[in-house]
Amino acid sequence: MPATEDGELRHDWTVEEILDLHETPILELVGRANATHRRFRPQGVIHKSALISVKTGGCSEDCAYCPQSARHHAIDLTPTRLMNPAAVVETAKAALAAGADRFCMGAAWRRPPKGAEFDAVLEMVRGVSALGLETCVTLGELDAGQATRLAEAGLTAYNHNLDTGPDYYERIVTTHSHADRLRTLGVARAAGLQLCCGGIIGMGETKRDRAALLRELTALDPHPEGVPINALTPIPGTPLGDRPPPDPLDMARMIATTRLVLPTSFVRLSAGRATMGREAHILCFLAGADAVFLGDTLLTAPNASADHDAALFAALA
Ligand code: SF4
């Protein structure tokens, strides 16, 4: 019998408890996660986001998975300046027409610069929000004033991932700390923004590190409204470029565990979809995922194609 009733909203999970859940036999784990999903989440609804890079590459940080770091030498990545807000809004219109519920904009910065570039980001948020789309940005570290201005511009959610458990974090990122990330999440929450915050599996972390990541997320009060679960997309030229992509069953296990400990959040099946087949997607939806990103690329990484997703959603209908 489970030690706690499935679906209980808790902020005091221990790593051991979450690890125990994670190691439950897969059929029981997915079954329990599915029952929790059916109890707490709208049925048959997959939330769809489009994600574009509005400023690519040249980033000062050293995140080991990321081709946008200026410290790595990713093949096929051309740094770009910040996009024109009008061009971003045109892209958002196309995403809306393609069925997106949310439009997410990412910029490769440690923190957003002040002045004209931040004003341009605010203009993007206002323009996208005026289309009736939910808006999300991921810009790195924020200060309180920037978070407030984003909220006033109509931003729905701020994305800032914890990436992995705190003990493994320094193997992945050394230029900014886990505590820095938690600070930005607090600043965004204090400004009234929803949080989109999750992590990545397949970077060499242990199962305990995965459980520790989820423990950090459950400790946030309230829980993040959205939790992206990413499978590493190994990009040549990055320090993790030679790693194999994680087994889709590991994704399903991570998603099911996430659903059980974060029962009311969107669980967003994120990077890694490009190498997952239709059946693996459906297993992840059964395990509690209820959100995806649309579009051929996720910032700079490959994503499932429009044709793939059309076939997937047709199979779900
Ligand atoms: S993940 Fe973000 S902060 Fe880290 S290197 Fe990439 S763009 Fe920079």
Side-chain angles (χ1 to χ4, degrees), residues 49 51-83 88 104-114 117-118 120-121 124 136-143 146-147 150 155 157-166 168-185 187-188 195-205 209 213 216-217 224 226-241 243 245 268 270-272 293 295 297-303:
S49 300
L51 169 61
I52 67 161
S53 175
V54 297
K55 183 267 173 191
T56 301
C59 183
S60 61
E61 304 306 288
D62 69 352
C63 310
Y65 51 83
C66 181
Q68 302 203 62
S69 169
R71 298 163 190 253
H72 311 327
H73 302 285
I75 300 160
D76 293 339
L77 187 99
T78 307
T80 66
R81 298 165 70 92
L82 188 65
M83 283 177 72
V88 171
C104 311
M105 297 159 270
W109 287 317
R110 169 164 183 157
R111 59 177 68 88
K114 302 196 190 293
E117 285 184 297
F118 193 68
V121 171
M124 293 173 195
C136 181
V137 292
T138 183
L139 311 173
E141 293 174 8
L142 284 187
D143 65 34
Q146 289 170 325
L150 286 165
L155 189 71
Y158 195 75
N159 167 262
H160 201 58
N161 290 331
L162 291 178
D163 286 356
T164 189
Y168 195 65
Y169 181 87
E170 287 185 11
R171 301 278 298 276
I172 300 301
V173 186
T174 68
T175 47
H176 54 275
S177 69
H178 200 79
D180 290 333
R181 294 202 183 209
L182 287 169
R183 194 172 306 116
T184 288
L185 291 169
V187 162
L195 299 184
C196 177
C197 180
I200 307 169
I201 70 165
M203 301 191 293
E205 76 287 344
D209 292 317
L213 164 68
E216 294 287 295
L217 295 172
V227 181
I229 300 296
N230 296 275
L232 176 72
T233 303
I235 306 286
T238 63
L240 301 180
R243 289 201 65 80
R268 191 162 280 118
S270 301
F293 288 103
T297 56
L298 270 186
L299 294 176
T300 59
N303 192 32

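Basis for what follows: all heavy atoms, side chains included, without hydrogens, waters or symmetry-related copies. None of the values given here were measured: they were computed from a predicted structure. One-based numbering, in listed order, for ligands and for the atoms of each.
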Ligand-side contact atoms (ligand 1) for residue partner Ala108, heavy atom cut-off under 4.0 Å: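 It comes down to these atoms of ligand 1: 7 (S).
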
Element-labelled atoms of ligand 1 that are located less than 4.0 Å from some non-hydrogen atom of Tyr65: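 Under 4.0 Å from Tyr65, ligand 1 has these atoms: 1 (S).
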
Spacing of CG belonging to Leu185 relative to CG belonging to Leu162, to within rounding of 0.5 Å: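 Leu185 CG to Leu162 CG: 5.5 Å, rounded to 0.5 Å.
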
Straight-line distance of Thr184 OG1 to Asn159 CG, nearest 0.5 Å: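 These two atoms lie 11.5 Å from each other.
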
Nearest protein heavy atom under 4.0 Å from atom 2 (Fe) of ligand 1, yes or no: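 Not a single protein heavy atom is under 4.0 Å away.
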
Atom 4 (Fe) of ligand 1: the protein heavy-atom neighbour that sits closest, reported with distance to 0.1 Å: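 I find the closest protein heavy atom is Cys63 SG, 2.3 Å.
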
Closest protein heavy atom to atom 8 (Fe) of ligand 1, given as residue, atom name and distance to 0.1 Å: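 Nearest protein contact, heavy atoms only, for atom 8 (Fe) of ligand 1 is Cys59 SG, 2.3 Å.
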
Metal site atom 8 (Fe) of ligand 1: N/O/S of Cys66 inside 2.8 Å: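 Checking atom 8 (Fe) of ligand 1 against Cys66, no N, O or S atom falls under 2.8 Å.
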
Audit row: Asp209, Thr164, side chain to side chain donor-acceptor pair (under 3.5 Å) steps and yes/no: CA-CA 7 Å; Asp209 292 317; Thr164 189; 5.5 Å; no

Test side chain to side chain donor-acceptor pair (under 3.5 Å) applied to Ser69 and Asp62, step by step: CA-CA 6 Å; Ser69 169; Asp62 69 352; over 6 Å; no

His160 side-chain N/O to Leu182 backbone N/O, donor-acceptor pair under 3.5 Å: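 Between the backbone of Leu182 and the side chain of His160 there is no qualifying donor-acceptor contact (under 3.5 Å).
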
